[in-house]
Structures are given as structure tokens and as C-alpha cells.
Amino acid sequence: MNNANSNVSKWSVSSRIFHWISAALLLTTWIMILLYENLDSNLFIGYHKAFGVSLLFWMIARVINRVFTKAPPPLAMPKWQMLVSQMSHFALYAILIAMPMVGLLMAVYGGRPVDIFGIFQIPVFVTPDRSLARFYNNLHTEIIWPTIIGFTVLHIAAALYHQFVKKDNLIARMK
């Protein structure tokens with residue numbers, strides 16, 4: 001690694017914490033739904049919902065942090081790559097907010113409150129409606145789920161491309 005890349009500007013500490021905890025919450029939420037589907041225990045669907053709502057609140061805080069925190073100077077790259085980067089980051093933020101919101105709507109329209117780790121419950125705050133619950137279920141599982149997978153893979157692939165192909169030490173900005 002050359003000297004220019006070793007002094008790369010990092011994201012703020014708060015931005016880095018928000019990034020990695022978001023990733024951990026997303027991964028944990030995925031693991032909980034996989035355990036639920038494979039072990040058929042309601043314990044895991046409860047944790048899936050609790051971690052999902054936690055991700056929603058975390059992402060709202062992350063957006064607020066992003067608005068008030070200065071980004072490091074961008075790395076040199078073609079304009080089209082910068083545009084794709086900005087658009088894909090915006091999409092990731094949007095779907096990381098939309099996914100748990102839609103999941104919460106699916107639960108409450110299904111007439112089910114959402115328990116948050118036994119600390120408190122989000123009550124059913126709408127009139128239950130099975131057709132709306134099914135709509136939000138389909139949106140959650142058939143539309144947003146594959147979209148979030150696609151953008152997550154794109155995000156990781158782009159970071160690895162920068163790190164190992166371009167060798168511009170992009171990953172160091174988020175360490």
C-alpha cells in the first residue's frame with residue numbers, strides 16, 4: 001500500500017458506529033428469520049420483529065447523524081461511479097427503513113402487537129385488516145427482501161472492488 005492511500009480520510013466515529021451496528025442488526029434479523037423458518041419456534045419470529053424494529057429506529061437515528069455529520073472527501077473515481085455510489089447508498093438507507101416499517105405494518109394489520117425484547121410492546125394501532133396484512137407481507141417478503149439482498153451484495157461487491165482491484169483503500173474509511 002502506498003503512502004497516499006494510508007492517510008485516507010475516514011468517516012466520523014459516529015458514522016462508522018452507525019454503519020457497523022446497522023450491518024449487525026440486519027444480519028441478526030436475517031438469522032432470526034432463518035432460525036424461525038428452520039426450527040419453527042415463535043421465539044425466533046419474536047426476535048426477528050424486535051431486531052427489525054430496532055433496525056428501524058437505528059436507521060432513523062443514522063439518517064439524522066448523516067444529515068449533521070460531514071462526509072470525508074470522496075475518492076477519485078469517474079462521475080458515473082460516484083453517481084451509482086450515491087444512488088445505491090440512498091437506496092440502501094431507504095430500504096433499510098422501508099423493510100422494518102412494512103414488517104411492522106404487516107404485524108399490526110394482522111392484529112398482532114410487536115414485543116420489543118419483553119421491555120415494551122408496539123400495540124395494534126390500526127384496525128386489523130387481513131387483506132392489508134397480506135399486502136404488507138407480500139411487499140416485505142417478495143419485493144423488499146430481494147431488493148435489500150441485491151443492494152447489500154452490490155454494496156459489498158463495490159467495497160471489495162475498490163479494496164482489491166482499484167487498491168484505493170476505501171474500506172479503511174469505514175474501519
To the nearest 0.5 angstrom, please state how far the [atom1] atom of [X] sits from the [atom2] atom of [Y].
{"X": "Ser15", "Y": "Lys70", "atom1": "OG", "atom2": "NZ", "result": "12.5 Å"}
{"X": "Ile33", "Y": "Phe51", "atom1": "CD1", "atom2": "CZ", "result": "13.0 Å"}
{"X": "Leu55", "Y": "Ile21", "atom1": "CG", "atom2": "CD1", "result": "11.5 Å"}
{"X": "Asn169", "Y": "Lys10", "atom1": "CG", "atom2": "NZ", "result": "9.0 Å"}
{"X": "Asp129", "Y": "Phe135", "atom1": "CG", "atom2": "CZ", "result": "11.5 Å"}
{"X": "Leu154", "Y": "Phe151", "atom1": "CG", "atom2": "CZ", "result": "6.5 Å"}

Taking all atoms of both residues into account, what is the closest heavy-atom pair of [X] and [Y], and its distance?
{"X": "Pro123", "Y": "Pro113", "value": "CA-CB, 4.1 Å"}
{"X": "Ala133", "Y": "Gly110", "value": "CB-N, 3.6 Å"}
{"X": "Thr29", "Y": "Gly52", "value": "OG1-N, 3.7 Å"}
{"X": "Ala107", "Y": "Val114", "value": "CB-CG2, 3.7 Å"}
{"X": "Asn38", "Y": "Leu34", "value": "ND2-O, 2.8 Å"}

The criterion is side-chain hydrogen bond (donor to acceptor under 3.5 Å, both in side chains); which residues satisfy it with [X], sequence neighbours excluded?
{"X": "His162", "value": "Asp168"}
{"X": "Thr69", "value": "Asn65"}
{"X": "Thr127", "value": "none"}
{"X": "Ser41", "value": "none"}

Show every side-chain hydrogen bond (donor to acceptor under 3.5 Å, both in side chains) that has at least one partner inside [range], sequence neighbours left out.
{"range": "residues 18-27", "result": "Ser22-Trp58, Ser22-Arg62"}
{"range": "residues 109-126", "result": "none"}
{"range": "residues 133-155", "result": "none"}

Can you find a pair of side-chain heavy atoms, one from [X] and one from [Y], that are under 4.5 Å apart?
{"X": "Lys166", "Y": "Gln81", "answer": "yes"}
{"X": "Leu26", "Y": "Ile148", "answer": "yes"}
{"X": "Met32", "Y": "Leu35", "answer": "yes"}
{"X": "Arg173", "Y": "Leu75", "answer": "yes"}

Over 12 foreign heavy atoms within 6.0 Å of [atom1], [X]:
{"X": "Phe125", "atom1": "CZ", "result": "yes"}
{"X": "Met101", "atom1": "CE", "result": "no"}
{"X": "Phe18", "atom1": "CZ", "result": "yes"}

Using the side chain to side chain contact (heavy atoms under 4.5 Å, CB included) criterion, which residues pair with [X]? Sequence neighbours excluded.
{"X": "Ile119", "result": "Phe117"}
{"X": "Asn42", "result": "Tyr36, Ile45"}
{"X": "Ile64", "result": "Ile60, Phe68"}

Grouping I, L, V, M, F, W and Y whenever their side-chain heavy atoms are under 4.5 Å apart, do [X] and [Y] come out in a common cluster?
{"X": "Met59", "Y": "Ile17", "value": "yes"}
{"X": "Ile149", "Y": "Met87", "value": "no"}
{"X": "Trp11", "Y": "Met77", "value": "no"}
{"X": "Phe90", "Y": "Trp80", "value": "no"}
{"X": "Val153", "Y": "Ile95", "value": "yes"}

May I have the step-by-step check of side-chain contact (heavy atoms from CB on, under 4.5 Å) for Trp30 and His48, ending in yes or no?
CA-CA 7 Å; Trp30 287 349; His48 172 78; 5.8 Å; no

Partner residues of Phe44 under the ring-ring contact (aromatic ring centres under 6.0 Å, His included) criterion, sequence neighbours left out:
none

For the backbone of Met174 and the side chain of Arg16, can you confirm whether one donor and one acceptor N or O come within less than 3.5 Å of each other?
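No; zero donor-acceptor contacts below 3.5 Å.
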
ILVMFWY cluster membership beyond Ile171 - transitive side-chain contacts under 4.5 angstrom
Ile156, Leu160, Phe164

